[in-house]
Amino acid sequence: MSQLPKKTVTLEEVILEAHIITEEQYEQLRDEIVTSGGAVEKILIDKKLATPREIELAKESIELGIPCISLANWQKDEAATAKMTSSFAFKNRIVPVSLADDVLTVAMCDPLDIMLIDEIRLVTECEVRPLLADRDDIEDAIRRYYGKSATDIISGELRGTAGVTVSEGIETIRDYGLEAETMAHDPTVREAVDQLIIDAVRQNATDIHIEPFVREVKIRYRIDGVLEEQPQPPRHLQWALTSRVKIMADLDIAQKRFPQDGKISRTIESLGNREIDIRVSTVPTQWGESVVLRILDKKAISYGLEHLGMMDDNLKQFHKMIEKPHGIILSTGPTGSGKTTTLYACLKEKNTPDVKIITIEEPVEYDLPGINQIDVNVDLGLTFAVGLRYILRQDPDIVMVGEIRDYEAAEMAIHTALTGHLVFSTLHTNDAASAITRLIDMGVEPFLVASTIEGIVAQRLVRRVCQYCSELYHPDEETLLDLGLSQEEIENLPDDLMIRRHVGCKECRNTGYSGRTGIFEIIPMNENIREMCIKGITSNQIKREAIRTTGMKTLREDGWRKVKAGITTIEEVLRLTTESDYEFEQVEN
C-alpha cells in the first residue's frame with residue numbers, strides 16, 4: 001500500500017498526498033505552474049486532474065491542518081475493515097483505511113469530532129489517526145468495502161432463507177415456509193429497499209424498475225432519461241422486495257393479479273434531509289409483478305424558466321407568450337420530455353399575490369406553494385373536463401390542465417380560455433405544429449383552435465455532456481450530414497469548429513453525461529398560422545410557415561445550437577430527434 005497522506009503546505013502537494021493525482025501528474029503540474037505561471041486551481045480543472053469538489057477538500061485540509069484522502073482508487077485493507085462493523089461505519093459515515101502497529105487510520109467527514117474518535121478507539125481497541133474525506137466518497141467506499149448496496153444486503157444477509165433449483169432450464173423456487181409478507185417485514189429486506197431508494201436518489205435517478213423474469217430479477221434505474229442496469233438480487237427474493245414496496249405504498253399485498261398505484265413519502269437523512277415523494281405502480285406480468293417507483297424530487301419545483309435550457313431567442317418568445325391575459329399555452333412531447341416541469345416553471349413565474357391559480361392533475365406531482373391543486377379521481381367521476389367546470393366557479397385567473405387527452409377536456413379548456421382565462425396544458429404530439437391538427441382531430445372546431453391557442457412549445461430532454469471528461473474534436477462531414485446539415489451549411493462552418501464528445505469518468509459514472517437540459521421548438525401564433533388552422537392545412541405546412549414567419553427553430557436545429565455551445569453531443573441530438581426535425585429548415589433556405 002502506498003504511503004498515507006501527511007501534513008503538507010501547498011495545494012498541489014495536498015492533492016498528491018490525497019491520491020487525487022499521481023506522481024507523474026504532479027510533476028507535469030509543477031512544470032505547468034512554472035512555465036505558464038497560472039493558478040494551481042485553474043490548471044487542475046483545465047487539465048481535468050481534479051474536480052472542484054476535490055479541490056475544496058484539499059483547501060479544507062490545509063485550513064484544518066489535517067491530511068485528506070480521496071477514496072475513489074483506494075484499495076480495501078481487510079485488516080482495517082475487520083476492526084469495524086458495517087453498521088458502525090455506515091451510521092457514523094467513517095471508513096477504516098489502513099491498520100499498522102495498532103494504529104487505525106480512519107477517513108471521516110469531521111476529523112475534529114473528538115467524541116467520535118474516542119468511540120472508534122473504544123470499539124476498535126486501536127489508536128486512531130483521522131483523515132478528512134468527502135462525504136460521498138466515504139459512502140461509496142462503505143458500499144465497496146462492506147457491500148452496503150441494496151443487492152449486497154439482501155443477497156448476503158438473507159442467503160439461506162429460501163432456495164432456488166433449476167430443472168430443465170426453468171427456475172423452481174422453494175420458500176421453506178416463509179411467506180412473502182413475512183420476508184417483507186424482515187429488517188434486512190426493509191433495509192435493502194430503503195437502500196435501493198437511497199442509491200437511486202444519490203445517482204439522481206427518476207425511476208426504479210423492479211422486473212421479474214423466468215431466471216432473474218432485474219433492477220434498473222432511469223438516470224438522465226436512460227435505463228441503467230444495477231446488480232441483480234437473488235431471484236427467490238422477488239416477492240419479498242415487491243411486497244415490501246407495496247407495504248410502504250399502502251397497497252393490497254395480497255392483490256397480485258390487478259394493477260395498483262400508491263405513494264411513498266420519505267426524508268433521506270443521509271442526503272441532507274432531502275424530501276422526496278415516490279409514485280408506485282405495479283402491474284401483473286407472466287413471472288410476477290413488475291414494479292416501477294417514480295422518484296419526485298421536491299427540489300425540481302424550484303426550477304424557473306431560465307433553468308429549462310432555452311436559448312435567449314426562445315426564452316424571449318416564451319416569456320412573451322405566457323404574458324398573454326388569456327388563451328391556451330400548450331407543452332407537447334412524449335412521456336418524460338419535461339412537459340410538466342415546464343408548466344410548473346410557468347406557474348412559478350405567474351404566481352403572485354394578485355393572481356389565483358388552480359391546477360387539475362393526474363396525479364398532483366409536486367406541492368406548489370400558493371397554488372390550489374386538484375387530483376383527478378376517475379372512480380368518483382372527477383375527470384379533467386368535470387374538474388374544469390367546477391374550477392371556473394372558483395374565479396381563477398390561471399388554470400393548468402395536466403393533460404388534454406380527449407374531446408371533452410379539449411372543449412372545456414377552450415371554453416375556459418374563451419371566458420378570459422389563461423390556460424396551460426400538455427398534449428402528446430411529436431412536434432409543436434402537430435398539436436394544432438391533433439386538437440382538430442379530436443373534434444374541436446378549427447376556428448376555436450385558431451382563436452384560443454396563443455403558443456405551443458415542443459420539447460425533448462437531452463443529456464448534458466460531462467464537463468470533467470469530455471473531449472473536443474472537429475466533426476467530420478459524414479457526422480454533420482447525419483445530423484441534417486446541408487452541404488452548403490457544412491462548407492460555411494468555421495474551419496476551427498470544435499464540439500464535445502462524451503468519454504466517461506467517475507464524476508459521470510463513466511457514462512460521459514451528467515444531468516439534462518431541454519431542446520425546444522416554439523410556435524407563437526400569428527395571423528397567418530391562425531388562417532391555416534381554419535383552412536385545415538397540414539401540420540407540415542404549418543411548421544414551414546412558423547419557420548418562415550416566426551423564425552422558429554426545429555428541435556434538431558435547437559439541438560445543434562446546444563452542440564456548438566458545448567452543452568450536449570451530436571449523438572444525443574440524433575437519439576431524440578428525427579430527420580424531419582431539420583429538413584424543414586433546409587426547404588426554406
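One-based numbering along the sequence shown. All of these numbers come straight from a predicted model, not from anything done at the bench.
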Checklist entry - Does the pair Glu139 and Arg202 meet the rule for a salt bridge (charged side-chain N to carboxylate O under 4.0 Å, His left out), with working shown? => result CA-CA 10 Å; Glu139 292 181 355; Arg202 183 182 286 111; 2.6 Å; yes
Checklist entry - Is there a donor-acceptor contact under 3.5 Å from the side chain of Asn351 to the main chain of Pro369? => result yes
Checklist entry - Where the side chain of Thr419 meets the backbone of Thr416, is there a donor-acceptor pair that is under 3.5 Å apart? => result yes
Checklist entry - Would Ile358 and Ile398 satisfy side chain to side chain contact (heavy atoms under 4.5 Å, CB included), going step by step from the backbone distance to the final call? => result CA-CA 7 Å; Ile358 303 180; Ile398 297 173; over 6 Å; no
Item to check | Intermediate values then yes/no, side chain to side chain contact (heavy atoms under 4.5 Å, CB included), Arg274 and Thr267 | outcome: CA-CA 5 Å; Arg274 195 156 157 188; Thr267 298; over 6 Å; no
Next on the checklist: Any side-chain to backbone donor/acceptor pair from Asp224 onto Arg463? Under 3.5 Å, distance only.
Outcome noted: no
Checklist entry - With side chains defined as the heavy atoms from C-beta onward, is the minimum distance between Ile276 and Val201 less than 4.5 Å? => result yes
Checklist entry - Regarding Lys218 and the six-membered ring of Phe213, is the cationic atom NZ or CZ under 6.0 Å from the ring centre and inside 45° of its axis? => result yes
Next on the checklist: Any carboxylate oxygen within less than 4.0 angstrom of a Lys/Arg side-chain nitrogen, looking at Arg220 and Glu211?
Outcome noted: yes
Checklist entry - Looking only at atom types and distance, does a side-chain atom of Asn492 sit under 3.5 Å from a main-chain N or O of Glu488, one as donor and one as acceptor? => result yes
Next on the checklist: Under a 3.5 Å cutoff, is there a donor and acceptor pairing between the side chains of Thr359 and Glu361?
Outcome noted: yes
Checklist entry - Quick one: do Lys316 and Asp312 make a salt bridge, cutoff under 4.0 Å? => result no
Checklist entry - Are a donor atom and an acceptor atom from the side chains of Thr352 and Asp354 found within less than 3.5 Å of each other? => result yes
Item to check | Spatial distance of atom OG1 (Thr554) from atom CD1 (Ile522) [nearest 0.5 Å] | outcome: 12.5 Å
Next on the checklist: Looking at Lys320 and Glu323, is any side-chain nitrogen of the basic one under 4.0 Å from a carboxylate oxygen of the acidic one?
Outcome noted: no
Next on the checklist: On a heavy-atom basis, which atom in Ser434 and which in Thr437 lie closest, and how many Å separate them?
Outcome noted: O-OG1, 3.0 Å
Next on the checklist: For the CD1 atom of Ile55 and the CD1 atom of Ile20, what is their distance to the nearest 0.5 Å?
Outcome noted: 8.5 Å
Item to check | Partner of Tyr513 by side chain to side chain donor-acceptor pair (under 3.5 Å), out of His502, Glu572, Glu571 | outcome: His502
Item to check | NZ-OG1 distance between Lys348 and Thr341, expressed to the nearest 0.5 angstrom | outcome: 12.0 Å
Checklist entry - Going through the checks in order, is the salt bridge (charged side-chain N to carboxylate O under 4.0 Å, His left out) test met by Asp441 and Arg438? => result CA-CA 5 Å; Asp441 289 343; Arg438 175 81 179 101; 5.8 Å; no
Item to check | Separation between CG of Asn526 and CD1 of Ile529, rounded to the nearest 0.5 Å | outcome: 4.0 Å
Next on the checklist: For Ile295 and Asp207: C-alpha separation, side-chain torsions, deciding distance, then whether side chain to side chain contact (heavy atoms under 4.5 Å, CB included) applies.
Outcome noted: CA-CA 6 Å; Ile295 300 169; Asp207 302 270; over 6 Å; no
Next on the checklist: Using the rule given for side chain to side chain contact (heavy atoms under 4.5 Å, CB included), can you reason through Thr569 versus Ile499, listing the C-alpha separation, both sets of side-chain angles and the distance that settles it, and then say yes or no?
Outcome noted: CA-CA 8 Å; Thr569 64; Ile499 62 175; over 6 Å; no
Checklist entry - Is the CZ atom of Arg222 crowded by more than 12 outside heavy atoms at less than 6.0 Å? => result yes
List the atom pairs, donor and acceptor, that lie under 3.5 Å between side-chain atoms in residues 471-480 and the rest of the protein, sequence neighbours left out.
unit_1: His474; atom_1: ND1; unit_2: Leu497; atom_2: O; d: 2.7
unit_1: Asp476; atom_1: OD1; unit_2: Glu478; atom_2: N; d: 3.3
unit_1: Asp476; atom_1: OD1; unit_2: Thr479; atom_2: N; d: 2.7
unit_1: Asp476; atom_1: OD1; unit_2: Thr479; atom_2: OG1; d: 2.7
unit_1: Glu477; atom_1: OE2; unit_2: Gln487; atom_2: NE2; d: 3.2

Checklist entry - Under the side-chain hydrogen bond (donor to acceptor under 3.5 Å, both in side chains) test, which residues partner Asp313, sequence neighbours left out? => result Arg561
Item to check | Atom of Thr285, atom of Ser290 and distance for their closest heavy-atom approach | outcome: CG2-CB, 3.7 Å
Checklist entry - So, the side chain of Glu531 versus the backbone of Asn528: is there a donor-acceptor pair under 3.5 Å, distance only? => result no
Checklist outcome for this item: Closest non-hydrogen contact found for Pro259 with Val283 is CB-CG1, 4.0 Å
Next on the checklist: Please check: side-chain N/O of Lys562 versus main-chain N/O of Gly309, any donor-acceptor pairing under 3.5 Å?
Outcome noted: yes
Checklist entry - Does a salt bridge link Glu275 with Arg266, judged by any charged N lying under 4.0 Å from a carboxylate O? => result no
Next on the checklist: For Thr538, is there any backbone N or O sitting under 3.5 Å from a side-chain donor or acceptor partner on Gln541?
Outcome noted: yes
Checklist outcome for this item: Taking every heavy atom of Cys469 against every heavy atom of Val503, the minimum-distance pair comes out as O-CG2, 3.1 Å
Checklist entry - Taking the side chain as C-beta and beyond, is there a heavy-atom pair between Leu347 and Met400 under 4.5 Å? => result yes
Checklist entry - Between the side chain of Lys350 and the main-chain N/O of Ile322, is any donor-acceptor distance below 3.5 Å? => result yes
Item to check | Residues Glu228, Arg509: salt bridge by 4.0 Å N-O rule | outcome: yes
Item to check | Least distance between heavy atoms, Ile404 atom then Ser425 atom | outcome: CG1-OG, 3.2 Å
Checklist entry - Quick one: does Glu445's side chain have a donor or acceptor within less than 3.5 Å of a partner on Gly443's backbone? => result no
Next on the checklist: Quiz question: by atom type and distance under 3.5 Å, do the side chains of Asp277 and Ser265 form a donor-acceptor pair?
Outcome noted: yes
Next on the checklist: Taking the basic N atoms (NZ, or NE/NH1/NH2) and the acidic carboxylate oxygens, is any pair closer than 4.0 Å for Asp261 and Arg279?
Outcome noted: no
Item to check | Pairwise distance CG(Leu343) to CD(Glu365) - rounded to 0.5 angstrom | outcome: 10.5 Å
Next on the checklist: Is a donor from one side chain sitting under 3.5 angstrom from an acceptor on the other, for Glu521 and Gln459?
Outcome noted: no
Checklist entry - So, are Arg53 and Asp136 salt-bridged, with charged N and O less than 4.0 Å apart? => result yes
Checklist entry - For the side chain of Glu54 and the backbone of Thr51, is there at least one donor-acceptor N/O pair under 3.5 Å apart? => result yes
Checklist entry - How far does OG of Ser539 sit from CD1 of Ile436, to the nearest 0.5 angstrom? => result 9.0 Å
Item to check | Shortest non-hydrogen separation from Leu576 to Arg460 and the atoms involved | outcome: O-NE, 3.6 Å
Checklist entry - Would Glu32 and Lys42 count as a salt bridge (charged side-chain N to carboxylate O under 4.0 Å, His left out) if you check the C-alpha gap in whole Å, the side-chain angles of each, and the deciding distance to 0.1 Å? => result CA-CA 11 Å; Glu32 179 75 18; Lys42 186 176 187 304; over 6 Å; no
Checklist entry - Going through the distances and angles, do Glu362 and Arg405 end up as a salt bridge (charged side-chain N to carboxylate O under 4.0 Å, His left out)? => result CA-CA 12 Å; Glu362 186 185 15; Arg405 59 178 63 159; 2.8 Å; yes
Next on the checklist: Are Leu308 and Thr342 packed together at the side-chain level, in the sense that at least one heavy-atom pair is separated by less than 4.5 angstrom?
Outcome noted: yes
Item to check | Passing option when Pro363 is tested against Val376, Leu296, Asp375 for side chain to side chain contact (heavy atoms under 4.5 Å, CB included) | outcome: Asp375
